[in-house]
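Heads up: numbering here begins at 1 and tracks the sequence. Everything numeric here is computed off the predicted structure, so don't read it as measured data.
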Amino acid sequence: MAYGDSPADEPLRDAWREFCRKLEAAGDRVFKDYNPATPEHRADAFRFLTQNLGQAFDFALETRDTRYPAIHRFCTPYCKLGGDAADFMYQQAWIDGESVYRISGNRGTAKFFNITVQGERPETQPGTDIPSLHDPFGDIPEANIFGHQLQTAWDGSFELYIGGPQRGPNWLPTTPQSRKLFIRNGFDHWDELPATISIERIDMDTPRPLPTVDNITEAMAWAGTFVESLMDDWPDHPYEYSPAVDPVKVNAFPADAANDSSDQKRGRLAANMCWELAADEALILEFPQHSGFWMLANMGTFFNSMDYLYRQVSYTPARTALGSDNIVRLILCAQDPGYHNWMDTQGLVRGNVIYRNLLSTENADFSTRVVGVDELAQVLPADTPRVTPQQRAQQLHTRFNAIRRRYGI
């Protein structure tokens, strides 16, 4: 049966074509100068783009209505974004400053848990001329609560209210500018499990309305800007504006770390090292072990976490082996050198190592050096922990099983 034309056809067709033009432009950014001209790097960049193409309309449409909120897991083993650390789980929920919400669920056993109310997203960051990172980032933290501050039942269950009048200790205030919840779990031991939570607006009493033509065209516009902007901003934005990132002085951590009031509300200190290695080179990264809950993770050119489901690309205190000198010592290189603390580079020639110290403002005292892979046995302490091929296989299987449990895959 033919129904003829709809008055919505033209705006929908125009919006879709504009989205496709922005997607095409995003693909062209794969070939930017910051991304090394190797097949591995080009493929990794397109993987980064297509992973986020897959969730563009989750952000823009499916979870967008703040009257019918939903928690969206925007970084997983199959989708990387925003300098995601391998041992964090990242979620968000769009909210508004007028509604009252209830989060319910179980705290889980992750060593670190944080929920932050995010406010306005200005064109430039407060007190600077630095442009804000692309949406959904760039908004300003307003209020937060940590896992150790939550009051839970004996089994870890809890309820947390967002907005409205204060409701006991498990409550976060909102403002007219509030627009998002940012939720993070941080893991140390492999047996830790994330919080399992859901969100609702407390006065929901009708089904969610079906999307209108305006909703769809607005979502197409947001999604198009999202895919184009993420390919513009990574790695360009941190390279150009972050004092904690130095793309020129590679293979060493900058003196500065990200440790302002926004970082403190998120419960972290952050630092980043840009690295560049030939296939026959290894980078030895060292720092004295300290009492904080730190994590180090390897990322690609676009600040996308490496394949932490299958590969040794991240470390935390519980999973790091030390020698007699009590120095944390990681070895970055492309091929397995047989040392316990090997950090796989996946055969890339350039990338980033991200450092997080949680619930602390203390930076680590890093030292680095680049040596030939064939020199490692001569330059490393004799008691640097090693593994056999069988132990490495077990190490990888332990990781694989733990990440699958963590994400329910």
With the threshold set at 4.0 Å, does a side-chain nitrogen-carboxylate oxygen contact exist between [X] and [Y]?
{"X": "D96", "Y": "R179", "answer": "no"}
{"X": "R369", "Y": "E286", "answer": "yes"}
{"X": "K32", "Y": "D236", "answer": "yes"}
{"X": "R13", "Y": "E10", "answer": "no"}
{"X": "R201", "Y": "D203", "answer": "yes"}
{"X": "K111", "Y": "D188", "answer": "yes"}

Quick one: do the [X] and [Y] side chains pair a donor with an acceptor below 3.5 Å?
{"X": "N352", "Y": "W275", "value": "no"}
{"X": "T212", "Y": "D214", "value": "no"}
{"X": "Q55", "Y": "N52", "value": "yes"}
{"X": "S324", "Y": "N326", "value": "no"}
{"X": "D84", "Y": "S305", "value": "yes"}
{"X": "H72", "Y": "W94", "value": "no"}
{"X": "R319", "Y": "T316", "value": "yes"}
{"X": "S178", "Y": "E142", "value": "yes"}
{"X": "N298", "Y": "D344", "value": "no"}

If you take all heavy atoms of [X] and [Y], which pair is closest and at what distance?
{"X": "Y90", "Y": "R184", "result": "CD2-CG, 3.8 Å"}
{"X": "G27", "Y": "F31", "result": "O-CE1, 3.7 Å"}
{"X": "A334", "Y": "T345", "result": "CA-OG1, 3.2 Å"}
{"X": "C274", "Y": "V245", "result": "SG-CG1, 3.8 Å"}
{"X": "A85", "Y": "A297", "result": "CA-CB, 4.4 Å"}
{"X": "P209", "Y": "R67", "result": "CG-NH2, 4.1 Å"}

Row check, F187 ring normal vs R406 NZ/CZ: under 6.0 Å, within 45°: yes
Would you say the ring centroid of [X] lies under 6.0 angstrom from that of [Y]?
{"X": "W171", "Y": "Y161", "result": "no"}
{"X": "F19", "Y": "W16", "result": "yes"}
{"X": "F112", "Y": "F88", "result": "yes"}
{"X": "Y78", "Y": "Y407", "result": "no"}
{"X": "F287", "Y": "W294", "result": "yes"}
{"X": "F146", "Y": "F113", "result": "no"}
{"X": "F400", "Y": "Y310", "result": "yes"}

Check: [Y] and [X] side chains under 4.5 Å, non-hydrogen atoms:
{"X": "V370", "Y": "E276", "result": "no"}
{"X": "I183", "Y": "I71", "result": "yes"}
{"X": "Y101", "Y": "T66", "result": "yes"}
{"X": "W222", "Y": "R64", "result": "yes"}

For atom [atom1] of [X], decide whether the heavy atoms of other residues, nucleotides or ligands shown that lie under 6.0 angstrom number more than 12.
{"X": "R47", "atom1": "CZ", "answer": "no"}
{"X": "Q335", "atom1": "CD", "answer": "no"}
{"X": "D33", "atom1": "CG", "answer": "no"}
{"X": "H397", "atom1": "NE2", "answer": "no"}
{"X": "E123", "atom1": "CD", "answer": "no"}
{"X": "Q149", "atom1": "CD", "answer": "yes"}
{"X": "E24", "atom1": "CD", "answer": "no"}

Just by modelled atom types, is the [Y] backbone N or O under 3.5 Å from a matching donor or acceptor in the [X] side chain?
{"X": "R311", "Y": "S314", "value": "no"}
{"X": "R392", "Y": "Y339", "value": "yes"}
{"X": "T63", "Y": "D58", "value": "yes"}
{"X": "T109", "Y": "L193", "value": "yes"}
{"X": "T384", "Y": "L380", "value": "no"}
{"X": "R167", "Y": "I162", "value": "no"}
{"X": "N304", "Y": "L81", "value": "no"}
{"X": "W190", "Y": "T398", "value": "no"}
{"X": "S132", "Y": "P122", "value": "yes"}
{"X": "K180", "Y": "V117", "value": "no"}

Kindly compute the distance separating [atom1] ([X]) from [atom2] ([Y]), expressed to the nearest 0.5 Å.
{"X": "L150", "Y": "I145", "atom1": "CG", "atom2": "CD1", "value": "4.5 Å"}
{"X": "Y355", "Y": "L296", "atom1": "OH", "atom2": "CG", "value": "7.5 Å"}
{"X": "E281", "Y": "E375", "atom1": "CD", "atom2": "CD", "value": "9.5 Å"}
{"X": "N35", "Y": "D44", "atom1": "CG", "atom2": "CG", "value": "8.0 Å"}
{"X": "Y241", "Y": "Q125", "atom1": "OH", "atom2": "CD", "value": "11.5 Å"}
{"X": "L230", "Y": "H134", "atom1": "CG", "atom2": "NE2", "value": "5.0 Å"}

Can L12 and I216 be said to form a side-chain contact (heavy atoms from CB on, under 4.5 Å), step by step? CA-CA 8 Å; L12 286 169; I216 297 296; 3.8 Å; yes
Applying side-chain hydrogen bond (donor to acceptor under 3.5 Å, both in side chains) to N114 and T116, what does each step give before you reach the verdict? CA-CA 6 Å; N114 175 249; T116 305; 2.8 Å; yes
